[in-house]
Amino acid sequence: MTDTFTLAHLSDPHLPPLPEARLRDLAGKRALGYLNWTRNRHKYHRREVLDALVADMQAQRPDHIAVTGDLVNLALEAEFTPAQAWLESVGTPQRVTVVPGNHDAYVRATRHRFAGAFEKYLRGDAAADGTTFPFVRRRGPLALIGVSSAVPTLPLMATGRLGRAQLDALDRDLAQMSADDAFRVLLVHHPLHSHSRMKRLTDSKALRAVLKRRGVELVLHGHDHIHSTMWLEGADRQIPAVGVPSASALAHRHYPAAAYNLFSIAREGEKWRCVQTVRAIDADFRVKEIKQATLL
């Protein structure tokens, strides 16, 4: 067996607290989002939870960290500088890879702000400048493939979409990787299956068709704020697609407390081995292991 590479995954930090908003910034969809934050969400998205979770994750010394979106809440201009500072505290662009979530592209006015603010964390290895999706980053035995499902939507909607151009590019990238001996990890904010019409990835069927044709070893996502593992049809095996709760959340209603995943990945002969460890925060703000599962 070759050396083990450890990939950490967290998602949906919804970085608290929300900066003070100007009245002119709260038109349309943001007005509803602001009301939801001030009445409800601020009670269970807590900075001390996020800080405890990140401190524990860093103590595990992962080789790389993946963050699958929703760093901000309403995509206010004032949210991006604190979010940049937080991400820099998590790790350098060499050690951290990010993709955007729907809250990062909440409204059209700032829909491209995320790509500018976090460009170094989104830049593919082959990119000379700027951000394009999908991007590919090689880290150790991993090929991290980032796609963006983040699009502005109407009020009360939280759907995502990749679009034809991104899907075609992903198909080409995966085809080119077919001869590589890499553990391919697809990073996307929205899950590839959802029972909610208002929260789904609208072109998930097309994305699943690409994965069935080309295959990857692992899909990581956020968005639903729950622990989840679904199995997708791949080119030659089933693909685990793993979601994780919000990284800043207290347990509330049916949503579990903040957690992150560690994936220990190693080559065993002709096959890959991937073991998932789930670490979650408890009522005393202590983070501990709650589950371990062999995915491959």
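Because the structure is a prediction, the values reported are computed rather than measured.
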> Can you name the closest pair of heavy atoms from Asp173 and Pro134 and give their distance?
Replying inline: OD2-CG, 3.5 Å
> Would you say the side-chain atoms of Ser194 pair up with the backbone N or O of Ser196, donor to acceptor, closer than 3.5 Å?
Replying inline: yes
>> Tell me which one of Leu262, Val185, Asn261, Asp63 satisfies side chain to side chain contact (heavy atoms under 4.5 Å, CB included) with Leu7.
In response: Val185
> Going through the distances and angles, do Asn102 and His223 end up as a side chain to side chain contact (heavy atoms under 4.5 Å, CB included)?
Replying inline: CA-CA 8 Å; Asn102 56 296; His223 192 54; 3.2 Å; yes
> Apart from Leu35 itself, what residues make up its hydrophobic cluster when side-chain heavy atoms of I, L, V, M, F, W and Y under 4.5 Å apart count as a link, directly or indirectly?
Replying inline: none
> Is any NZ, NE, NH1 or NH2 atom of the basic residue among Asp51 and Arg47 found under 4.0 Å from an Asp or Glu carboxylate oxygen of the other?
Replying inline: yes
>> What's the separation between atom OH in Tyr121 and atom CZ in Phe135, rounded to the nearest 0.5 Å?
In response: 13.0 Å
> What's the spacing between Glu20 CD and Asp25 CG if we round to 0.5 Å?
Replying inline: 11.0 Å
>> Please give me the minimum heavy-atom distance between Phe133 and Gly146, naming the atom from each residue.
In response: CD2-O, 3.8 Å
>> Strictly below 4.0 Å, N to O, side chains only: are Arg113 and Glu77 in salt-bridge contact?
In response: yes
>> Hydrophobic clusters here meaning ILVMFWY residues chained together by side-chain heavy-atom distances under 4.5 Å, can you tell me if Phe114 and Leu187 are in one?
In response: yes
>> Less than 4.0 angstrom from a charged side-chain N to a carboxylate O is my criterion; do Arg139 and Asp125 meet it?
In response: yes
> If Ile, Leu, Val, Met, Phe, Trp and Tyr residues are connected whenever their side-chain heavy atoms lie under 4.5 Å apart, and connections chain through other members, are Leu87 and Val244 in the same group?
Replying inline: no
> Centres of the His252 and His254 rings: under 6.0 Å?
Replying inline: no
> NZ of Lys120: more than 12 outside heavy atoms within 6.0 angstrom?
Replying inline: no
> Would you say the side chain of Arg46 lies within less than 4.5 Å of the side chain of Ser248, judging by non-hydrogen atoms?
Replying inline: no
> Leu122 and Pro100: which non-hydrogen atoms are nearest, and at how many Å?
Replying inline: CD2-CD, 4.3 Å
>> If hydrophobic clusters are built by linking Ile, Leu, Val, Met, Phe, Trp and Tyr wherever their side-chain heavy atoms come under 4.5 Å apart, do Leu220 and Phe118 end up in the same one?
In response: yes
>> If only side-chain N and O atoms count, and only distance matters, is there a donor-acceptor pair under 3.5 Å linking Thr97 with His64?
In response: yes
> Between CG of Asp224 and NE2 of His195, what distance do you get to the nearest 0.5 Å?
Replying inline: 9.5 Å
> Can you tell me if Arg30 uses its side chain to pair, donor with acceptor, with the backbone of Ala75 under 3.5 Å?
Replying inline: yes
> Any side-chain heavy-atom pair from Val275 and Arg273 closer than 4.5 angstrom?
Replying inline: yes
> Can you name the residues that form a side-chain hydrogen bond (donor to acceptor under 3.5 Å, both in side chains) with Arg138, not counting sequence neighbours?
Replying inline: none
> With side chains defined as the heavy atoms from C-beta onward, is the minimum distance between Lys199 and His190 less than 4.5 Å?
Replying inline: no
> Would you say Arg279 and Met57 make side-chain contact, with heavy atoms under 4.5 Å?
Replying inline: no
>> Grouping I, L, V, M, F, W and Y whenever their side-chain heavy atoms are under 4.5 Å apart, do Trp37 and Leu50 come out in a common cluster?
In response: no
> Can you tell me how far the NE2 atom of His221 sits from the OG atom of Ser11, to the nearest 0.5 Å?
Replying inline: 9.0 Å
> So do Thr4 and Ile265 actually touch side chain to side chain, heavy atoms under 4.5 Å?
Replying inline: no
>> Using 0.5 Å steps for rounding, measure from the CD atom of Glu79 to the CG atom of Asp104.
In response: 9.0 Å
> Any idea which heavy atoms bring Ile281 and Ala257 closest together, and the distance?
Replying inline: O-CB, 3.5 Å
> Is there a side-chain contact between Pro62 and Phe5 (heavy atoms, below 4.5 Å)?
Replying inline: no
> Taking only residues two or more places apart in sequence, or in another chain, which ones meet Lys291 in a side-chain contact (heavy atoms from CB on, under 4.5 Å)?
Replying inline: Val278, Ala293
> ring-ring contact (aromatic ring centres under 6.0 Å, His included) with His103: which residues, sequence neighbours excluded?
Replying inline: His14, Tyr106
> Mind checking who shares a hydrophobic cluster with Leu156, ILVMFWY linked at side-chain heavy-atom distances under 4.5 Å?
Replying inline: Leu32
>> Going by the rule side-chain contact (heavy atoms from CB on, under 4.5 Å), which residues pair with Arg161 if we only count those two or more places apart in sequence or in a different chain?
In response: Val151, Thr202, Asp203
> Residues two or more places apart in sequence or in another chain: which of them pass salt bridge (charged side-chain N to carboxylate O under 4.0 Å, His left out) with Arg41?
Replying inline: none
>> Within the structure provided, determine whether Phe285 and Leu250 are in side-chain contact (heavy-atom separation under 4.5 Å).
In response: yes
>> Let's go through Val54 and Leu10 carefully: what are the C-alpha distance in whole Å and the side-chain angles of both, what is the deciding distance for side chain to side chain contact (heavy atoms under 4.5 Å, CB included) to 0.1 Å, and is it a yes or a no?
In response: CA-CA 9 Å; Val54 169; Leu10 60 82; 4.3 Å; yes
> With sequence neighbours excluded, what pairs up with Pro17 under the side-chain contact (heavy atoms from CB on, under 4.5 Å) test?
Replying inline: none
>> With a 4.5 Å cut-off on side-chain heavy atoms, are Pro245 and Tyr260 touching?
In response: no
>> If I take atom CD from residue Gln292 and atom OG from residue Ser264, how far apart are they, to the nearest 0.5 angstrom?
In response: 7.5 Å
> Is Leu74 reachable from Phe80 through a run of I, L, V, M, F, W or Y residues, each pair having side-chain heavy atoms under 4.5 Å apart?
Replying inline: no
>> Looking only at the side chains, is there a donor atom on one of His189 and Ser149 sitting less than 3.5 Å from an acceptor on the other?
In response: no
>> Please give me the minimum heavy-atom distance between Val72 and Ala83, naming the atom from each residue.
In response: CG1-CB, 3.8 Å
>> For a quick test of reading the model, state the closest non-hydrogen atom pair linking Ala249 to Val49 and the distance between them.
In response: O-CG1, 3.8 Å
>> Please give the remaining members of the hydrophobic cluster of Tyr255, linking ILVMFWY side chains under 4.5 Å, ordered by chain and number.
In response: Ile226
>> Around atom CD of Glu289, are there more than 12 heavy atoms from other residues, nucleotides or ligands closer than 6.0 Å?
In response: yes
> How far apart are the C-alpha atoms of Leu76 and Leu18, what are their side-chain angles, what is the distance that settles it, and do they pass the side chain to side chain contact (heavy atoms under 4.5 Å, CB included) test?
Replying inline: CA-CA 9 Å; Leu76 295 164; Leu18 186 70; 4.3 Å; yes
> Given the rule in the side chain to side chain contact (heavy atoms under 4.5 Å, CB included) test, do Arg208 and Ser204 qualify, once you have shown the distances and angles that lead to the verdict?
Replying inline: CA-CA 6 Å; Arg208 292 197 305 269; Ser204 63; 3.2 Å; yes
> Hey, does the side chain of Arg184 reach the backbone of Gly215 with a donor-acceptor pair shorter than 3.5 angstrom?
Replying inline: yes
> Met157: what forms a side-chain contact (heavy atoms from CB on, under 4.5 Å) with it, not counting sequence neighbours?
Replying inline: Thr153, Leu154, Thr159, Arg197, Met198
> Can you list the residues that meet the side-chain hydrogen bond (donor to acceptor under 3.5 Å, both in side chains) rule with Asn40, with sequence neighbours excluded?
Replying inline: Asn36
> What's in the same ILVMFWY side-chain cluster as Ile145, cut-off under 4.5 Å, chained through other members?
Replying inline: Val136, Val147, Leu162, Leu167, Leu170, Leu174, Met177, Leu186, Val188, Leu192, Leu201, Leu207, Val210, Leu211, Val216, Val219, Met230, Leu232, Ile239
> Does a side-chain N-to-carboxylate-O contact under 4.0 Å join Asp181 and Arg267?
Replying inline: yes
